[in-house]
Peer 1: 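Have a look at this one.
Whatever order the structure lists ligands and atoms in, that order sets their numbers, starting from 1. Numbers here are sequence positions counted from 1. What you see is a predicted model; the values in this text were computed from it and never measured.
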Amino acid sequence: MHRYLMEMLQCPACRGDLSWTIDDADGERIESAKATCAACGTAYPVREGIGVFLTSGLEREDLWEETETELTRYLREHPEVEARLMGAVPDALSPADLFYRAQLLEGRGDYGEAARLAERALSRCYTPGYLACHKSQIRGLIDRLRAGQGPVVDLASGRGALVEAMVRELPRPVVATDFSPRILRRDRRWLRHFGLYDRVSLLAFDARRTPFRDGAVHTLTTNLGLPNIRQPGELLRELRRIVAGMFLAITHFYPEEDEANGRLIREAGLASLLYRRSTLAEFAGAGWQVDVANSQHAPAAPTPRGEILEGAGIDALPVAETSLEWCLLVAR
Ligand SMILES: C[S@@+](CC[C@H](N)C(=O)[O-])C[C@H]1O[C@@H](n2cnc3c(N)ncnc32)[C@H](O)[C@@H]1O
């Protein structure tokens, strides 16, 4: 993380001030440090350049950690499966198998081939309409950020598709965040490999309890973060608290009458931000003025399963074919 973030941050648990001990820095980048809350005494580390501001008390399902741990264990126990996965002609693999092969290549440091295979896999996982809508929303978001200045904080950055696009196209500093330290460590290696790391800071925190001071964030973005945050609760109030400028959220909505997907959406605690009506009501209730921009509809289908990695999936939703409304929420 970069030094400029220090004055934007506070204790995510009690909102007290932080006092910083920096052990290792490279110019403006803090590599190793400890931030201690003057009020409650909680200490937050910066390790490998990643500030970790996670708190106890919020249930957290880190799917990146779970999937990678499970995949590593499974392949250790079944080396013949790994040999088949890595030895097959890429285009003969199911898209899910191809995606996991790309992840394994990443783990071995073969980023170039991993990037090529992951892109091929993902282009075969989604309908052409889904891919076109997603691309159009990313373009629309980036175009709105061209005129502004200062850091852009991205929520629930995951593998960083939006972060990477912003770094390539905008001269602004970008803060990638996620509640999974594992995916941020992966992003760090990836961005460094492709020479994209200079302007990126990495912070691990839960979007429902962020470490930012009131109004500290001028521009907040997210690419499909909202539909992935389970039990969002007071999420939009928390974001309202920290954002003094604009929040741009790429998202998609399910049809309310789609019961096949609706059941799982409710079970997963995702219902409030996966439907247009409730999402807009949540934004308004949290004090945001929100506009729906670039609305587009496209068919969506369940992502294919692995055949060599039997049953391994990509996305949990949808579980049945549906039509999604894509849009860019512009909230102030
Ligand atoms: C699939 S990603 C979305 C795509 C990503 N923004 C991109 O541009 O590539 C969703 C991310 O949300 C993260 N996530 C889920 N719940 C979260 C929470 N409460 N706080 C922070 N991150 C969360 C997950 O770890 C995951 O990495």
Side-chain angles (χ1 to χ4, degrees), residues 12 50-69 99 102-103 106 115 118-119 121-122 125-126 130-131 133-135 137-142 145 152-170 174-188 190-191 194 196 200 202-212 217 220-239 242 247-252 268-270 272-274 300 303 313-318 324 326 328-329:
I50 303 171
V52 182
F53 292 88
L54 294 166
T55 60
S56 56
L58 280 178
E59 209 176 300
R60 200 164 43 235
E61 202 183 353
D62 181 344
L63 295 174
W64 299 113
E65 186 75 43
E66 286 170 23
T67 311
E68 189 156 332
T69 309
F99 179 75
Q103 285 210 348
E106 247 182 74
E119 194 177 323
L122 294 176
C125 278
Y126 299 101
Y130 184 108
L131 293 167
C133 283
H134 193 195
K135 201 168 161 190
Q137 300 303 335
I138 290 188
R139 174 114 325 278
L141 182 149
I142 287 180
L145 293 182
V152 178
V153 177
D154 185 58
L155 273 191
S157 303
R159 287 168 55 83
L162 178 59
V163 166
E164 193 172 326
M166 289 195 290
V167 173
R168 287 187 189 279
E169 297 212 27
L170 301 170
V174 176
V175 185
T177 77
D178 203 282
F179 69 6
S180 170
R182 180 180 285 265
I183 198 66
L184 294 178
R185 287 196 297 274
R186 172 268 175 203
D187 290 345
R188 178 174 183 259
W190 181 270
L191 292 166
F194 290 106
L196 299 170
V200 178
L202 299 167
L203 291 181
F205 63 79
D206 192 312
R208 296 167 295 175
R209 195 176 297 162
T210 79
F212 287 105
V217 177
L220 184 71
T221 58
T222 187
N223 169 31
L224 295 179
L226 299 182
N228 276 287
I229 296 177
R230 292 181 175 204
Q231 313 293 1
E234 298 291 292
L235 169 74
L236 292 177
R237 274 186 205 285
E238 169 64 356
L239 301 184
I242 64 171
F247 176 27
L248 297 177
I250 294 173
T251 199
H252 54 214
L270 293 167
S272 58
L273 298 177
L274 267 180
T303 47
I314 306 280
D315 290 347
L317 281 166
L324 297 177
W326 286 82
L328 179 64
L329 296 176

Peer 1: Step by step, work out the salt bridge (charged side-chain N to carboxylate O under 4.0 Å, His left out) result for Glu106 and Arg159.
Peer 2: CA-CA 12 Å; Glu106 247 182 74; Arg159 287 168 55 83; 3.2 Å; yes

Peer 1: Under a strict 4.0 Å criterion on non-hydrogen atoms, which protein residues are in contact with ligand 1?
Peer 2: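 Near ligand 1, by chain and number: Trp64, Ala156, Ser157, Gly158, Gly160, Ala161, Leu162, Asp178, Phe179, Phe205, Asp206, Ala207, Arg208, Asn223, Leu224, Asn228, Ile229.
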
Peer 1: Restricting to ring-ring contact (aromatic ring centres under 6.0 Å, His included), what partner residues turn up for Phe212, sequence neighbours left out?
Peer 2: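 Only Phe205 meet the ring-ring contact (aromatic ring centres under 6.0 Å, His included) criterion with Phe212.
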
Peer 1: Does any donor atom in the side chain of Asp62 or Ser180 lie under 3.5 Å from an acceptor atom in the other side chain?
Peer 2: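 Side chains of Asp62 and Ser180: pair found under 3.5 Å.
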
Peer 1: Checking the side chain of Gln137 only, and the main-chain atoms of Leu328 only, is there a donor and an acceptor separated by less than 3.5 Å?
Peer 2: yes

Peer 1: Quick one: does Thr221's side chain have a donor or acceptor within less than 3.5 Å of a partner on Leu248's backbone?
Peer 2: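 Absent.
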
Peer 1: Going by the angle between their ring planes, with limits at 30° and 60°, are Tyr126 and Tyr130 parallel, tilted or perpendicular?
Peer 2: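 Parallel, since the angle between the ring planes stays under 30°.
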
